[in-house]
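Written below as structure tokens is the structure these notes are about.
All figures in this text were calculated on a predicted structure; none of them were measured in a lab.
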Amino acid sequence: LVAYIHAEENRRQFVSSCVDLLRRSVQDSKARELLLQKKKEQREVAKRWHRRKGSDQTADGKTSCSGVETQEASEYDKSQVGATDEPESGDEDVADLLAESNNILELLTVLTYCLHGGDDELQFALFAIGTARTLHQEDTLAELVRYLAQSEHLLAMSMANKNKRPLKVVLQAFDFFSEVIRGPNEQAVVALVENTSLVEVTRNLMRHLRYDGTYDDLKFRVRTSILRFLLSMLQNFEVGQDAALKKWVNHDCDQVILEAWEEAYDLMAQHADHDGDTDSMIEGVEQAELEQQVFLHFAILAYLADGAGSLTLPAEVAAREKACSWCRRQCGSVAVIRGGRVFQVHFRMPAICDDLQQHEGFASEVTAIVHDCVRSQDNEEGRTAAFQTRVVDLIRKELLQQQLVGKGFLGLLVQYQNYVRRFPLLVTLIINLWLLLFESVFNLGSGDDLATVSEADNLTCIYRTGLSRVDADADGDNQLWNCSSRGETVNMPGRMLANTASGMLYLLALFHAICYALRFVFVFGTSTKRKQIMIEAVLLIFSIGGNIFSPFFFVVHVLEFFGAQSARMLLESATLNLRKLGQAGLIIILTVYVYAVVGFQLFRDKHVAGKCTTLLNCAVSYLDGGLTGDGIHENLNFETPSSLFDSRFMEWFMQF
């Protein structure tokens with residue numbers, strides 16, 4: 001179809017065919033309505049005649065006919081010309097009149113699916129705008145609204161005669177409207193929003209869609225389609241369209257939606273109370289669908305109350321206490337700016353949100369994402385896109401973790417993920433404090449005994465080999481012990497303390513490796529980010545290295561504390577204007593370079609030995625003195641001027 005309408009001639013023919021079909025359908029519907037009205041009048045005349053005939057029956061079985069009776073009998077005889085006995089609501093002739101021969105349903109189905117594909121060109125081709133609409137009088141949307149208005153007159157009789165095709169047409173029509181209202185044809189959107197007839201049609205259709213046991217499943221789908229269209233339209237009202245919005249309140253649409261909302265809530269509550277009893281629910285409709293429809297009513301009422309400036313609607317909504325309380329718990333809102341005005345966008349909070357809010361750490365992760373997006377993105381669009389992507393990934397991870405709870409070893413880690421995440425940090429803190437406080441305990445020898453052995457070497461030696469043996473002195477007392485791989489001796493008084501500290505360090509190191517191994521398994525099984533998995537792998541490798549080679553490998557794990565939000569904010573406070581700091585540093589270097597050139601050329605003999613032998617040496621000396629000392633004072637030998645007249649000019653120049 002899209003390929004066919006590329007040609008202008010085909011496009012005009014296609015639009016004309018659509019409009020012509022809609023117009024003929026409206027005419028056929030009007031003709032059928034007139035015929036049905038005539039049938040109804042015939043039935044009324046027949047009923048009156050039969051009632052009068054029965055009431056005038058005499059006791060001996062004879063009938064007394066007056067002038068009025070003769071006249072009604074004559075009317076009844078005329079009404080039977082071309083007709084049989086009294087037609088009831090289910091007679092075949094009435095059903096034939098209600099049957100629609102045109103293919104409106106098929107047309108709307110094709111167009112809806114084409115627009116749902118997101119093809120912009122089809123929208124602009126289908127809806128004639130501007131001069132084309134004025135000249136050709138081909139307004140597809142207006143003709144479709146007229147057709148729905150005409151079909152609405154026959155809707156009740158069609159359902160009474162078991163004809164559900166009009167309901168299917170209405171369902172497809174509002175699906176079609178929903179695709180139109182999403183754009184991108186702005187003129188078509190405006191034409192649909194400002195169509196007053198559509199307001200009346202929607203109001204009347206909602207009154208026909210009460211759940212009375214006749215095609216309730218189809219009515220439910222039609223009502224949902226209408227509500228989705230209304231919600232899409234109300235969410236996209238622009239500045240200056242307040243009058244169009246108020247029409248929905250002025251034509252009592254809000255009252256109809258209020259009544260439908262109350263009915264839908266009662267049905268939802270009834271379904272929940274019966275807990276799946278088929279007698280209490282609409283066939284084929286689940287509890288979740290009922291809840292969604294209840295919320296759609298509430299969201300539409302919220303938009304009407306916000307935009308139309310109604311003073312009574314909020315009070316009427318609040319008067320339905322149970323329904324209002326349930327919907328308010330489900331409803332979320334966010335303020336957005338469009339056209340310089342603030343709009344409230346209402347949406348239903350997914351059930352997963354309540355579960356996620358209860359997870360410890362989820363809110364802090366979202367806060368961290370917001371902070372990162374604000375810091376890394378300069379424009380608002382980039383921040384929004386980055387935030388959405390990262391939050392969706394976070395929610396997917398949380399959902400995956402929920403599915404894994406109670407399933408095997410990984411499910412056990414997910415269930416106790418707070419401990420799995422925090423224990424490694426706690427052990428890292430303890431083990432580094434242990435090194436800081438008791439490292440000197442490992443170096444227990446006298447100054448002469450261990451003069452050549454550094455404290456780090458002693459700690460590494462003892463940690464790797466343990467306390468291997470105790471040597472006896474000449475008197476037979478156990479006074480000394482050594483590190484078997486080095487042969488360095490240590491005095492005995494601190495032996496027990498060193499032994500305890502070394503054993504405790506070994507246990508902490510082993511527990512540290514176990515904690516990081518469990519956390520690596522947890523992250524590898526639940527995370528989809530390679531960066532996070534690689535970081536955990538590196539931390540695990542350093543933890544194993546701390547067990548095998550040296551406990552000082554555990555210092556690397558302290559860097560994890562810099563990932564906390566408060567620590568990152570502190571670091572960013574110093575690096576926020578990193579570009580300007582770099583520019584300032586460059587200016588400092590250039591300034592020092594100029595001073596170094598002047599000093600190297602004019603005052604080389606005035607410098608301290610080894611401070612200005614070359615230009616590079618001079619520049620480095622100036623930079624080092626400027627950053628860490630007293631500037632170039634430490635590098636120059638000169639006399640401070642003592643008199644304004646007696647001191648030489650060179651001394652003053654060097655002082656400046």
Side-chain angles (χ1 to χ4, degrees), residues 409 413 416-473 477-524 534-564 567:
F409 180 68
L413 294 179
Y416 297 100
Q417 58 179 291
N418 290 333
Y419 299 102
V420 174
R421 291 178 181 275
R422 294 178 179 179
F423 256 60
L425 297 176
L426 178 61
V427 179
T428 295
L429 183 61
I430 294 175
I431 204 169
N432 280 277
L433 285 174
W434 195 264
L435 287 173
L436 183 64
L437 297 176
F438 295 102
E439 186 274 337
S440 60
V441 175
F442 295 99
N443 192 6
L444 298 173
S446 63
D448 295 334
D449 295 332
L450 294 178
T452 60
V453 182
S454 67
E455 294 182 358
D457 289 340
N458 270 328
L459 178 59
T460 302
C461 170
I462 294 172
Y463 180 78
R464 292 180 59 184
T465 62
L467 303 177
S468 58
R469 74 172 184 269
V470 178
D471 295 334
D473 61 357
D477 297 329
N478 292 335
Q479 303 252 335
L480 300 173
W481 63 275
N482 66 8
C483 185
S484 62
S485 63
R486 297 178 55 87
E488 306 291 352
T489 59
V490 182
N491 292 329
M492 263 302 286
R495 172 188 170 188
M496 295 302 298
L497 182 60
N499 191 16
T500 304
S502 178
M504 193 65 185
L505 181 63
Y506 179 80
L507 292 177
L508 285 173
L510 182 61
F511 188 59
H512 187 274
I514 294 174
C515 289
Y516 272 92
L518 292 176
R519 198 172 78 172
F520 175 76
V521 173
F522 168 75
V523 173
F524 186 80
M534 290 299 296
I535 291 175
E536 292 297 329
V538 171
L539 292 175
L540 178 59
I541 291 173
F542 272 92
S543 180
I544 296 173
N547 278 267
I548 298 175
F549 301 107
S550 170
F552 290 105
F553 276 93
F554 297 126
V555 177
V556 175
H557 299 84
V558 176
L559 298 176
E560 274 201 275
F561 291 96
F562 289 93

Does Ile431 form a side-chain contact (heavy atoms from CB on, under 4.5 Å) with His557? I'd like the steps, not just the answer.
CA-CA 10 Å; Ile431 204 169; His557 299 84; over 6 Å; no
May I have the step-by-step check of side-chain contact (heavy atoms from CB on, under 4.5 Å) for Arg421 and Phe522, ending in yes or no?
CA-CA 9 Å; Arg421 291 178 181 275; Phe522 168 75; 3.4 Å; yes
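Nearest approach of Ala513 to Ser543, heavy atoms of both residues: CA-OG, 3.1 Å. In plain terms, the two heavy atoms of Phe554 and Asn432 that are nearest each other are O-ND2, 3.4 Å. Contact detail for Trp434 and Ala501: the closest heavy-atom pair is NE1-O, 3.2 Å. Between Leu508 and Val427, the shortest heavy-atom contact is O-CG1, 3.9 Å. Residues Tyr516 and Leu540 approach most closely at C-CD1, 3.9 Å, considering heavy atoms.
Classification of the Phe542-Phe553 ring pair by plane angle, with boundaries at 30° and 60°, yields tilted.
Annotation: the span from Phe520 atom CZ to Ile541 atom CD1 amounts to 8.5 Å, rounded to 0.5 Å. Atom OG of residue Ser550 and atom CG of residue Leu435 lie 8.0 Å apart, to the nearest 0.5 angstrom. With rounding to the nearest 0.5 angstrom, the CD1 atom of Ile514 is 15.0 Å from the CZ atom of Arg519. Between Thr428 atom OG1 and Leu433 atom CG the span is 10.5 Å, to the nearest 0.5 Å. Separation of atoms CZ (Phe511) and CG (Leu426) is listed at 8.0 Å; rounding is to 0.5 Å.
Heavy atoms from other residues, nucleotides or ligands lying under 6.0 Å from CZ of Phe561 number more than 12.
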